[in-house]
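Take a look at the structure below.
Order of the sequence lines sets the chain letters (A, B, ...), proteins ahead of strands, with each chain counted from 1.
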2 protein chains.
Amino acid sequence: MSEAPALKHVQVREYVRALCEGAPPGSAAPSERELVQRFGVARMTVRQAMDSLVNEGLLERMPGRGTFVAKPKGEVGRLTSYTEDMAKRGLLPESSTLLARREQAGPGVARALDITEGDAVIHWKRLRRADGAPMCIEDAYLNEVILPGFLQSGMPTSLYDALEARGLRPTWAEDSVSADVANDDEAALLDVEAGAPVLRVARRALHEDKCVEVSRSVFRADRMTVYVQFADAR
Amino acid sequence: MSEAPALKHVQVREYVRALCEGAPPGSAAPSERELVQRFGVARMTVRQAMDSLVNEGLLERMPGRGTFVAKPKGEVGRLTSYTEDMAKRGLLPESSTLLARREQAGPGVARALDITEGDAVIHWKRLRRADGAPMCIEDAYLNEVILPGFLQSGMPTSLYDALEARGLRPTWAEDSVSADVANDDEAALLDVEAGAPVLRVARRALHEDKCVEVSRSVFRADRMTVYVQFADAR
DNA sequence: CAGTGGTCTAGACCACGGT
DNA sequence: CCGTGGTCTAGACCACTGG
(Lines give C-alpha, C1' and ligand atoms only; values in the text may rest on other atoms or scores of the structure.)
Protein backbone atom coordinates (compact mmCIF):
# COMPACT_ATOMS: atom_id res chain seq x y z
CA MET A 1 0.00 0.00 0.00
CA SER A 2 1.31 3.40 -0.81
CA GLU A 3 -1.37 5.22 1.12
CA ALA A 4 -5.09 5.12 1.70
CA PRO A 5 -6.45 8.52 2.63
CA ALA A 6 -9.55 7.88 4.67
CA LEU A 7 -10.94 11.10 3.21
CA LYS A 8 -14.16 10.03 1.59
CA HIS A 9 -14.33 12.78 -0.98
CA VAL A 10 -10.86 11.79 -2.12
CA GLN A 11 -11.90 8.15 -2.43
CA VAL A 12 -14.91 9.12 -4.51
CA ARG A 13 -12.87 11.56 -6.59
CA GLU A 14 -10.20 9.01 -7.43
CA TYR A 15 -12.82 6.38 -8.21
CA VAL A 16 -14.52 8.68 -10.66
CA ARG A 17 -11.22 9.89 -12.07
CA ALA A 18 -10.14 6.32 -12.79
CA LEU A 19 -13.45 5.70 -14.52
CA CYS A 20 -13.37 8.82 -16.65
CA GLU A 21 -9.69 9.42 -17.30
CA GLY A 22 -9.50 7.20 -20.36
CA ALA A 23 -13.14 7.54 -21.39
CA PRO A 24 -14.03 9.34 -24.61
CA PRO A 25 -15.33 12.92 -24.26
CA GLY A 26 -19.09 13.00 -23.85
CA SER A 27 -19.27 9.76 -21.89
CA ALA A 28 -21.58 9.89 -18.93
CA ALA A 29 -19.99 9.88 -15.48
CA PRO A 30 -21.83 8.16 -12.64
CA SER A 31 -24.68 10.29 -11.33
CA GLU A 32 -24.26 11.88 -7.94
CA ARG A 33 -27.00 9.83 -6.31
CA GLU A 34 -25.52 6.65 -7.76
CA LEU A 35 -22.22 7.46 -6.05
CA VAL A 36 -24.07 8.24 -2.83
CA GLN A 37 -25.43 4.69 -2.92
CA ARG A 38 -22.17 3.03 -3.91
CA PHE A 39 -20.06 4.71 -1.25
CA GLY A 40 -22.73 5.10 1.41
CA VAL A 41 -21.89 8.75 1.71
CA ALA A 42 -23.79 12.04 1.79
CA ARG A 43 -24.46 13.86 -1.43
CA MET A 44 -22.50 16.93 -0.35
CA THR A 45 -19.47 14.67 -0.08
CA VAL A 46 -19.99 13.40 -3.60
CA ARG A 47 -20.44 16.95 -4.83
CA GLN A 48 -17.17 17.94 -3.21
CA ALA A 49 -15.45 15.15 -5.14
CA MET A 50 -17.13 16.05 -8.41
CA ASP A 51 -16.47 19.76 -7.94
CA SER A 52 -12.74 19.23 -7.93
CA LEU A 53 -12.90 17.11 -11.08
CA VAL A 54 -15.02 19.76 -12.78
CA ASN A 55 -12.50 22.41 -11.75
CA GLU A 56 -9.69 20.29 -13.16
CA GLY A 57 -11.53 20.26 -16.46
CA LEU A 58 -11.99 16.49 -16.52
CA LEU A 59 -15.76 16.62 -16.13
CA GLU A 60 -18.52 18.91 -17.27
CA ARG A 61 -21.92 19.28 -15.66
CA MET A 62 -25.09 19.60 -17.69
CA PRO A 63 -27.98 20.54 -15.38
CA GLY A 64 -30.95 18.28 -15.82
CA ARG A 65 -28.92 15.83 -17.92
CA GLY A 66 -25.96 14.60 -15.95
CA THR A 67 -22.21 14.85 -15.64
CA PHE A 68 -20.01 13.99 -18.59
CA VAL A 69 -16.37 13.67 -19.55
CA ALA A 70 -15.31 17.03 -20.96
CA LYS A 71 -13.41 17.31 -24.18
CA PRO A 72 -9.87 18.29 -23.26
CA LYS A 73 -9.71 21.54 -25.28
CA GLY A 74 -5.96 21.25 -24.78
CA GLU A 75 -4.47 21.24 -21.35
CA VAL A 76 -4.65 24.86 -20.33
CA GLY A 77 -1.11 26.03 -19.82
CA ARG A 78 0.06 22.69 -18.48
CA LEU A 79 3.43 23.20 -16.92
CA THR A 80 5.85 20.90 -18.71
CA SER A 81 9.56 20.25 -18.89
CA TYR A 82 11.52 19.93 -22.11
CA THR A 83 11.44 16.17 -21.82
CA GLU A 84 7.67 16.07 -21.46
CA ASP A 85 7.23 18.70 -24.13
CA MET A 86 9.18 16.74 -26.71
CA ALA A 87 7.45 13.50 -25.79
CA LYS A 88 4.10 15.20 -26.34
CA ARG A 89 5.30 16.29 -29.77
CA GLY A 90 6.32 12.74 -30.59
CA LEU A 91 10.02 13.54 -30.65
CA LEU A 92 12.80 11.66 -28.89
CA PRO A 93 14.49 13.98 -26.39
CA GLU A 94 18.19 13.74 -25.65
CA SER A 95 20.56 15.93 -23.69
CA SER A 96 24.28 16.36 -23.38
CA THR A 97 25.64 18.29 -20.44
CA LEU A 98 27.92 21.16 -21.38
CA LEU A 99 28.49 22.28 -17.82
CA ALA A 100 27.33 21.20 -14.37
CA ARG A 101 28.83 22.67 -11.25
CA ARG A 102 28.26 24.46 -8.01
CA GLU A 103 28.64 28.23 -8.21
CA GLN A 104 28.01 31.33 -6.16
CA ALA A 105 24.92 33.20 -7.26
CA GLY A 106 25.55 36.45 -9.11
CA PRO A 107 23.22 39.39 -8.61
CA GLY A 108 20.81 38.53 -11.42
CA VAL A 109 20.48 34.85 -10.58
CA ALA A 110 20.20 35.63 -6.87
CA ARG A 111 17.31 37.99 -7.47
CA ALA A 112 15.54 35.56 -9.79
CA LEU A 113 15.94 32.65 -7.35
CA ASP A 114 15.01 34.92 -4.45
CA ILE A 115 18.19 34.14 -2.52
CA THR A 116 21.12 36.32 -1.49
CA GLU A 117 24.13 36.98 -3.69
CA GLY A 118 26.90 34.49 -3.11
CA ASP A 119 24.59 31.69 -2.02
CA ALA A 120 25.32 28.33 -3.58
CA VAL A 121 23.53 27.52 -6.81
CA ILE A 122 23.72 24.70 -9.30
CA HIS A 123 24.57 25.82 -12.81
CA TRP A 124 23.57 23.29 -15.42
CA LYS A 125 24.00 23.94 -19.12
CA ARG A 126 22.83 21.43 -21.66
CA LEU A 127 22.55 20.99 -25.39
CA ARG A 128 19.20 19.40 -26.03
CA ARG A 129 18.34 17.39 -29.08
CA ALA A 130 15.15 16.03 -30.52
CA ASP A 131 15.15 13.06 -32.87
CA GLY A 132 18.91 13.44 -33.08
CA ALA A 133 19.13 17.04 -34.27
CA PRO A 134 19.94 20.02 -32.03
CA MET A 135 16.84 21.76 -30.66
CA CYS A 136 17.99 24.14 -27.96
CA ILE A 137 20.65 25.23 -25.52
CA GLU A 138 19.39 25.43 -21.97
CA ASP A 139 21.17 27.28 -19.20
CA ALA A 140 19.58 26.53 -15.84
CA TYR A 141 20.27 27.67 -12.30
CA LEU A 142 18.84 25.75 -9.37
CA ASN A 143 18.54 26.70 -5.73
CA GLU A 144 21.16 24.46 -4.12
CA VAL A 145 19.88 25.11 -0.60
CA ILE A 146 16.70 23.16 -1.23
CA LEU A 147 18.44 20.57 -3.44
CA PRO A 148 21.21 19.16 -1.26
CA GLY A 149 23.47 16.70 -3.01
CA PHE A 150 21.77 17.22 -6.35
CA LEU A 151 25.02 17.31 -8.34
CA GLN A 152 26.41 14.25 -6.55
CA SER A 153 23.27 12.20 -7.05
CA GLY A 154 23.99 11.84 -10.75
CA MET A 155 22.26 14.17 -13.13
CA PRO A 156 18.88 12.90 -14.25
CA THR A 157 17.55 13.18 -17.77
CA SER A 158 14.46 15.08 -16.74
CA LEU A 159 14.98 17.86 -14.25
CA TYR A 160 11.30 18.00 -13.43
CA ASP A 161 11.18 14.27 -12.68
CA ALA A 162 14.06 14.76 -10.27
CA LEU A 163 12.34 17.69 -8.63
CA GLU A 164 9.12 15.74 -8.39
CA ALA A 165 10.94 12.91 -6.65
CA ARG A 166 11.97 15.46 -4.00
CA GLY A 167 8.43 16.82 -3.79
CA LEU A 168 9.58 20.03 -5.44
CA ARG A 169 7.96 19.90 -8.85
CA PRO A 170 7.15 23.42 -10.01
CA THR A 171 3.56 24.39 -9.43
CA TRP A 172 3.85 27.74 -11.17
CA ALA A 173 6.11 29.20 -13.82
CA GLU A 174 6.49 32.26 -15.95
CA ASP A 175 8.12 32.25 -19.36
CA SER A 176 9.14 35.23 -21.38
CA VAL A 177 9.43 34.45 -25.06
CA SER A 178 11.22 36.59 -27.61
CA ALA A 179 12.73 36.29 -31.06
CA ASP A 180 16.36 36.91 -31.89
CA VAL A 181 19.17 35.71 -34.11
CA ALA A 182 21.82 33.17 -33.11
CA ASN A 183 25.30 34.38 -32.23
CA ASP A 184 28.34 32.45 -33.40
CA ASP A 185 28.61 30.16 -30.38
CA GLU A 186 24.94 29.33 -30.39
CA ALA A 187 24.95 28.76 -34.13
CA ALA A 188 27.80 26.28 -33.83
CA LEU A 189 26.08 24.29 -31.09
CA LEU A 190 22.68 24.37 -32.75
CA ASP A 191 24.14 23.51 -36.16
CA VAL A 192 22.68 26.53 -37.94
CA GLU A 193 24.23 29.56 -39.59
CA ALA A 194 25.09 32.55 -37.45
CA GLY A 195 22.24 35.02 -37.74
CA ALA A 196 19.60 32.31 -38.07
CA PRO A 197 16.38 33.11 -36.18
CA VAL A 198 16.01 31.67 -32.68
CA LEU A 199 13.41 31.71 -29.94
CA ARG A 200 14.69 32.80 -26.56
CA VAL A 201 12.72 31.54 -23.58
CA ALA A 202 13.46 32.64 -20.04
CA ARG A 203 11.69 30.65 -17.34
CA ARG A 204 11.22 31.20 -13.64
CA ALA A 205 9.63 28.22 -11.94
CA LEU A 206 8.26 28.15 -8.40
CA HIS A 207 7.19 25.38 -6.08
CA GLU A 208 4.70 26.87 -3.63
CA ASP A 209 6.15 30.37 -3.59
CA LYS A 210 9.76 29.16 -3.55
CA CYS A 211 11.78 29.59 -6.74
CA VAL A 212 13.45 26.30 -7.61
CA GLU A 213 14.61 26.93 -11.16
CA VAL A 214 15.49 29.84 -13.36
CA SER A 215 16.67 29.19 -16.90
CA ARG A 216 17.34 30.66 -20.29
CA SER A 217 16.88 28.56 -23.39
CA VAL A 218 17.58 29.33 -27.00
CA PHE A 219 15.65 27.27 -29.53
CA ARG A 220 16.15 26.85 -33.26
CA ALA A 221 13.25 28.77 -34.76
CA ASP A 222 12.89 26.25 -37.57
CA ARG A 223 12.24 23.47 -35.04
CA MET A 224 10.27 25.12 -32.27
CA THR A 225 6.88 26.72 -31.86
CA VAL A 226 5.51 27.60 -28.45
CA TYR A 227 1.83 26.91 -27.90
CA VAL A 228 -0.04 28.90 -25.32
CA GLN A 229 -3.61 28.57 -24.19
CA PHE A 230 -5.53 31.24 -22.36
CA ALA A 231 -8.77 30.77 -20.52
CA ASP A 232 -10.81 33.45 -18.91
CA ALA A 233 -12.18 31.92 -15.79
CA ARG A 234 -14.93 33.86 -13.98
CA MET B 1 -31.51 47.76 -9.53
CA SER B 2 -29.87 45.76 -12.22
CA GLU B 3 -30.51 42.41 -10.63
CA ALA B 4 -30.62 40.74 -7.25
CA PRO B 5 -30.04 37.00 -7.57
CA ALA B 6 -31.85 35.41 -4.69
CA LEU B 7 -29.04 32.84 -4.67
CA LYS B 8 -27.61 33.09 -1.20
CA HIS B 9 -24.15 31.83 -2.03
CA VAL B 10 -23.93 34.49 -4.72
CA GLN B 11 -24.95 37.19 -2.24
CA VAL B 12 -22.31 36.04 0.20
CA ARG B 13 -19.72 35.72 -2.55
CA GLU B 14 -20.28 39.22 -3.87
CA TYR B 15 -20.32 40.65 -0.36
CA VAL B 16 -16.95 39.11 0.39
CA ARG B 17 -15.59 40.00 -3.04
CA ALA B 18 -16.49 43.66 -2.51
CA LEU B 19 -14.76 43.58 0.86
CA CYS B 20 -11.60 41.92 -0.39
CA GLU B 21 -11.21 43.16 -3.95
CA GLY B 22 -9.32 46.29 -3.04
CA ALA B 23 -7.81 45.00 0.18
CA PRO B 24 -4.05 44.49 0.43
CA PRO B 25 -2.78 40.89 0.15
CA GLY B 26 -2.68 39.18 3.51
CA SER B 27 -5.73 40.97 4.89
CA ALA B 28 -8.09 38.72 6.76
CA ALA B 29 -11.41 37.92 5.13
CA PRO B 30 -14.46 37.43 7.34
CA SER B 31 -14.45 34.02 8.98
CA GLU B 32 -16.94 31.48 7.73
CA ARG B 33 -18.89 31.40 10.98
CA GLU B 34 -19.04 35.18 11.05
CA LEU B 35 -20.67 35.13 7.61
CA VAL B 36 -23.06 32.42 8.78
CA GLN B 37 -24.24 34.82 11.49
CA ARG B 38 -24.38 37.89 9.27
CA PHE B 39 -26.40 36.26 6.50
CA GLY B 40 -28.31 33.73 8.55
CA VAL B 41 -27.32 30.90 6.24
CA ALA B 42 -25.79 27.45 6.69
CA ARG B 43 -22.06 27.08 6.76
CA MET B 44 -22.03 24.90 3.62
CA THR B 45 -23.56 27.86 1.80
CA VAL B 46 -20.81 30.15 3.00
CA ARG B 47 -18.22 27.58 2.01
CA GLN B 48 -19.71 27.40 -1.47
CA ALA B 49 -19.27 31.16 -1.77
CA MET B 50 -15.73 31.12 -0.43
CA ASP B 51 -14.77 28.13 -2.59
CA SER B 52 -15.43 30.06 -5.76
CA LEU B 53 -13.40 33.02 -4.57
CA VAL B 54 -10.54 30.72 -3.63
CA ASN B 55 -10.73 29.11 -7.08
CA GLU B 56 -10.64 32.54 -8.68
CA GLY B 57 -7.43 33.19 -6.79
CA LEU B 58 -8.81 36.13 -4.82
CA LEU B 59 -8.66 34.36 -1.47
CA GLU B 60 -6.38 31.85 0.16
CA ARG B 61 -7.25 29.53 3.03
CA MET B 62 -4.89 28.87 5.89
CA PRO B 63 -6.26 25.98 7.99
CA GLY B 64 -6.38 26.82 11.65
CA ARG B 65 -5.74 30.50 10.95
CA GLY B 66 -8.38 31.87 8.65
CA THR B 67 -9.01 33.04 5.10
CA PHE B 68 -6.95 35.84 3.61
CA VAL B 69 -6.64 37.95 0.50
CA ALA B 70 -4.15 36.20 -1.78
CA LYS B 71 -1.35 38.03 -3.48
CA PRO B 72 -2.18 38.21 -7.19
CA LYS B 73 0.97 36.42 -8.46
CA GLY B 74 0.21 37.88 -11.88
CA GLU B 75 -3.00 37.14 -13.67
CA VAL B 76 -2.59 33.62 -14.93
CA GLY B 77 -2.82 33.67 -18.68
CA ARG B 78 -5.27 36.55 -18.76
CA LEU B 79 -6.71 36.75 -22.25
CA THR B 80 -5.92 40.20 -23.60
CA SER B 81 -6.17 42.10 -26.85
CA TYR B 82 -3.37 44.13 -28.37
CA THR B 83 -4.89 47.32 -27.02
CA GLU B 84 -5.07 45.98 -23.47
CA ASP B 85 -1.65 44.42 -23.78
CA MET B 86 0.01 47.67 -24.75
CA ALA B 87 -1.85 49.61 -22.08
CA LYS B 88 -0.59 47.15 -19.49
CA ARG B 89 2.95 47.75 -20.74
CA GLY B 90 2.45 51.48 -20.43
CA LEU B 91 2.60 52.07 -24.18
CA LEU B 92 0.17 54.09 -26.28
CA PRO B 93 -1.48 51.79 -28.81
CA GLU B 94 -2.46 53.02 -32.27
CA SER B 95 -3.66 51.25 -35.37
CA SER B 96 -4.00 52.05 -39.03
CA THR B 97 -6.19 49.85 -41.16
CA LEU B 98 -4.45 48.42 -44.19
CA LEU B 99 -7.45 46.44 -45.37
CA ALA B 100 -11.00 45.86 -44.13
CA ARG B 101 -13.52 44.04 -46.28
CA ARG B 102 -15.95 41.21 -46.58
CA GLU B 103 -14.52 38.09 -48.21
CA GLN B 104 -15.38 34.49 -48.83
CA ALA B 105 -13.54 32.15 -46.50
CA GLY B 106 -10.74 30.14 -48.06
CA PRO B 107 -10.09 26.57 -46.94
CA GLY B 108 -7.62 27.45 -44.19
CA VAL B 109 -9.62 30.27 -42.67
CA ALA B 110 -12.84 28.26 -42.93
CA ARG B 111 -11.32 25.39 -40.98
CA ALA B 112 -9.88 27.69 -38.33
CA LEU B 113 -13.15 29.57 -37.87
CA ASP B 114 -15.06 26.29 -37.99
CA ILE B 115 -17.33 27.43 -40.83
CA THR B 116 -17.70 26.17 -44.40
CA GLU B 117 -15.57 27.36 -47.29
CA GLY B 118 -17.11 30.32 -49.07
CA ASP B 119 -18.94 31.60 -46.01
CA ALA B 120 -18.67 35.33 -45.46
CA VAL B 121 -15.80 36.49 -43.28
CA ILE B 122 -14.42 39.88 -42.32
CA HIS B 123 -10.78 40.33 -43.27
CA TRP B 124 -9.12 43.09 -41.27
CA LYS B 125 -5.45 43.89 -41.65
CA ARG B 126 -3.83 46.54 -39.51
CA LEU B 127 -0.46 48.06 -38.83
CA ARG B 128 -0.23 48.52 -35.10
CA ARG B 129 2.01 51.02 -33.40
CA ALA B 130 3.06 51.58 -29.83
CA ASP B 131 4.26 54.98 -28.68
CA GLY B 132 4.40 56.02 -32.32
CA ALA B 133 6.72 53.32 -33.68
CA PRO B 134 5.58 50.23 -35.61
CA MET B 135 5.02 47.20 -33.39
CA CYS B 136 3.24 44.61 -35.46
CA ILE B 137 1.19 43.73 -38.50
CA GLU B 138 -2.02 41.94 -37.63
CA ASP B 139 -4.09 40.01 -40.12
CA ALA B 140 -7.41 39.00 -38.61
CA TYR B 141 -10.42 37.06 -39.89
CA LEU B 142 -13.73 37.29 -38.10
CA ASN B 143 -16.81 35.14 -38.39
CA GLU B 144 -19.22 37.47 -40.21
CA VAL B 145 -22.24 35.31 -39.48
CA ILE B 146 -22.14 36.13 -35.78
CA LEU B 147 -21.03 39.72 -36.36
CA PRO B 148 -23.71 41.19 -38.64
CA GLY B 149 -23.00 44.74 -39.77
CA PHE B 150 -19.61 44.81 -38.14
CA LEU B 151 -17.88 46.49 -41.07
CA GLN B 152 -20.65 49.06 -41.46
CA SER B 153 -20.70 49.95 -37.78
CA GLY B 154 -17.38 51.74 -38.10
CA MET B 155 -14.26 49.90 -37.11
CA PRO B 156 -13.48 50.21 -33.42
CA THR B 157 -10.01 50.67 -32.02
CA SER B 158 -10.18 47.61 -29.86
CA LEU B 159 -11.62 44.52 -31.46
CA TYR B 160 -12.15 42.84 -28.10
CA ASP B 161 -14.10 45.81 -26.76
CA ALA B 162 -16.35 45.59 -29.80
CA LEU B 163 -16.79 41.86 -29.31
CA GLU B 164 -17.53 42.38 -25.64
CA ALA B 165 -20.23 44.92 -26.50
CA ARG B 166 -21.89 42.15 -28.51
CA GLY B 167 -21.44 39.65 -25.69
CA LEU B 168 -18.85 37.78 -27.76
CA ARG B 169 -15.61 38.50 -25.94
CA PRO B 170 -13.30 35.51 -26.31
CA THR B 171 -13.35 33.22 -23.31
CA TRP B 172 -10.59 30.98 -24.58
CA ALA B 173 -7.71 31.37 -27.01
CA GLU B 174 -4.70 29.51 -28.28
CA ASP B 175 -1.59 31.22 -29.57
CA SER B 176 1.27 29.61 -31.40
CA VAL B 177 4.44 31.62 -31.13
CA SER B 178 7.47 31.20 -33.37
CA ALA B 179 10.53 33.14 -34.43
CA ASP B 180 11.34 34.10 -38.00
CA VAL B 181 12.86 36.87 -40.06
CA ALA B 182 10.94 39.67 -41.77
CA ASN B 183 10.32 39.51 -45.49
CA ASP B 184 10.63 42.64 -47.64
CA ASP B 185 6.99 43.75 -47.30
CA GLU B 186 6.92 43.21 -43.57
CA ALA B 187 10.24 44.96 -43.13
CA ALA B 188 8.97 48.02 -44.98
CA LEU B 189 5.82 48.26 -42.88
CA LEU B 190 7.58 47.59 -39.60
CA ASP B 191 10.42 49.97 -40.44
CA VAL B 192 13.18 47.41 -39.97
CA GLU B 193 15.67 45.84 -42.34
CA ALA B 194 14.63 42.79 -44.32
CA GLY B 195 15.87 39.73 -42.46
CA ALA B 196 15.42 41.31 -39.04
CA PRO B 197 14.08 38.90 -36.42
CA VAL B 198 10.33 38.87 -35.84
CA LEU B 199 7.91 37.03 -33.60
CA ARG B 200 5.02 35.38 -35.40
CA VAL B 201 1.90 34.81 -33.35
CA ALA B 202 -1.09 32.93 -34.66
CA ARG B 203 -4.22 33.17 -32.51
CA ARG B 204 -7.47 31.30 -32.50
CA ALA B 205 -10.01 32.80 -30.12
CA LEU B 206 -13.29 31.21 -29.06
CA HIS B 207 -16.34 32.47 -27.28
CA GLU B 208 -17.98 29.48 -25.62
CA ASP B 209 -16.89 26.90 -28.20
CA LYS B 210 -17.57 29.20 -31.15
CA CYS B 211 -14.54 30.60 -32.97
CA VAL B 212 -14.94 34.35 -33.36
CA GLU B 213 -11.44 35.37 -34.42
CA VAL B 214 -8.43 33.87 -36.09
CA SER B 215 -5.38 36.01 -36.72
CA ARG B 216 -1.73 36.08 -37.63
CA SER B 217 0.50 38.80 -36.26
CA VAL B 218 4.12 39.57 -36.93
CA PHE B 219 5.91 41.56 -34.22
CA ARG B 220 9.23 43.35 -34.29
CA ALA B 221 11.45 41.17 -32.11
CA ASP B 222 13.24 44.19 -30.72
CA ARG B 223 9.97 45.57 -29.35
CA MET B 224 8.00 42.51 -28.27
CA THR B 225 8.32 39.82 -25.65
CA VAL B 226 5.49 37.44 -24.90
CA TYR B 227 4.92 36.64 -21.24
CA VAL B 228 3.25 33.40 -20.31
CA GLN B 229 2.27 32.10 -16.93
CA PHE B 230 1.59 28.49 -16.16
CA ALA B 231 -0.13 27.15 -13.09
CA ASP B 232 -0.61 23.54 -12.20
CA ALA B 233 -4.00 23.39 -10.61
CA ARG B 234 -4.80 20.21 -8.71
C1' DC C 1 -43.15 11.37 -15.52
C1' DA C 2 -38.58 10.09 -13.25
C1' DG C 3 -33.90 11.42 -13.06
C1' DT C 4 -30.50 14.96 -13.10
C1' DG C 5 -27.74 18.65 -11.13
C1' DG C 6 -28.27 23.28 -8.17
C1' DT C 7 -29.19 25.05 -3.88
C1' DC C 8 -29.71 24.90 1.07
C1' DT C 9 -30.24 23.53 6.05
C1' DA C 10 -28.67 22.64 10.90
C1' DG C 11 -26.20 20.42 12.93
C1' DA C 12 -21.56 17.34 13.98
C1' DC C 13 -16.52 16.05 14.91
C1' DC C 14 -11.71 16.76 13.64
C1' DA C 15 -6.86 18.89 13.27
C1' DC C 16 -4.63 22.78 13.60
C1' DG C 17 -2.77 27.59 15.13
C1' DG C 18 -2.23 31.06 18.39
C1' DT C 19 -2.86 32.87 23.23
C1' DC D 1 -8.10 27.19 25.64
C1' DC D 2 -10.96 28.99 21.71
C1' DG D 3 -11.45 30.05 16.95
C1' DT D 4 -10.19 28.61 12.45
C1' DG D 5 -10.93 25.91 8.28
C1' DG D 6 -11.69 20.65 6.69
C1' DT D 7 -14.76 17.05 6.53
C1' DC D 8 -19.23 14.89 6.77
C1' DT D 9 -24.23 13.73 7.53
C1' DA D 10 -29.22 13.06 6.14
C1' DG D 11 -32.22 15.02 4.70
C1' DA D 12 -34.98 18.97 1.71
C1' DC D 13 -37.00 21.67 -2.39
C1' DC D 14 -36.13 23.61 -6.96
C1' DA D 15 -35.51 23.87 -12.23
C1' DC D 16 -34.39 21.52 -15.83
C1' DT D 17 -34.15 17.55 -19.25
C1' DG D 18 -35.50 13.52 -21.35
C1' DG D 19 -38.83 10.04 -22.79
Q: Look at B:Arg204 together with B:Glu213 and state whether they make a salt bridge at an N to O cut-off of under 4.0 Å.
A: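 Salt bridge flag = no for B:Glu213 with B:Arg204.
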Q.
With a 4.0 Å cut-off on N to O distance, would you call B:Glu103 and B:Arg101 a salt bridge?
A.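 Here B:Glu103 pairs with B:Arg101 in a salt bridge, since their nearest N and O are under 4.0 Å apart.
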Distances under 3.5 Å only, N/O to N/O: pair up the protein atoms with those of nucleotides 3-6 of chain C.
from  : atom 1 : to      : atom 2 : distance (Å)
C:dG3 : N2     : A:Gly64 : O      : 2.9
C:dT4 : OP1    : A:Ser31 : OG     : 3.2
C:dG5 : OP1    : A:Thr67 : N      : 3.3
C:dG5 : OP1    : A:Thr67 : OG1    : 3.0
C:dG5 : OP2    : A:Glu32 : N      : 3.0
C:dG5 : N7     : A:Arg33 : NH1    : 2.8
C:dG5 : O6     : A:Arg33 : NH2    : 3.0
C:dG6 : OP2    : A:Arg47 : NH1    : 3.0
C:dG6 : OP2    : A:Arg47 : NH2    : 3.0
C:dG6 : OP2    : A:Arg61 : NE     : 3.1
C:dG6 : N7     : A:Arg43 : NH2    : 3.0
C:dG6 : O6     : A:Arg43 : NH2    : 2.6

Rounded distance in Å - [atom1] ([X]) to [atom2] ([N]):
X       : N      : atom1 : atom2 : answer
B:Gln11 : C:dC8  : CD    : C1'   : 13 Å
B:Lys8  : D:dA12 : NZ    : C1'   : 13 Å
A:Met44 : D:dT7  : CE    : P     : 12 Å
B:Leu35 : C:dC8  : CG    : C1'   : 16 Å
B:Leu59 : D:dT4  : CG    : P     : 15 Å

Q. Do the side chain of A:His207 and the main chain of A:Gly167 share a donor and acceptor less than 3.5 angstrom apart?
A.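 Answer holds: yes.
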Q) Would you say A:Asn143's side chain and A:Val145's backbone share a donor-acceptor pair under 3.5 angstrom? A)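 Flag set: sc A:Asn143 to bb A:Val145 pair under 3.5 Å.
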(Q) For B:Glu138, give me all partners under salt bridge (charged side-chain N to carboxylate O under 4.0 Å, His left out), at least two apart in sequence or on another chain. (A)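 B:Glu138 satisfies salt bridge (charged side-chain N to carboxylate O under 4.0 Å, His left out) with B:Arg126, B:Arg128 once adjacent residues are dropped.
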Q.
Taking salt bridge (charged side-chain N to carboxylate O under 4.0 Å, His left out) as the cut-off, I'd like each qualifying pair that reaches into residues 25-37 of chain B, sequence neighbours left out, listed once.
A.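 Qualifying pairs, neighbours excluded: B:Glu32-B:Arg43, B:Glu32-B:Arg47, B:Glu32-B:Arg61.
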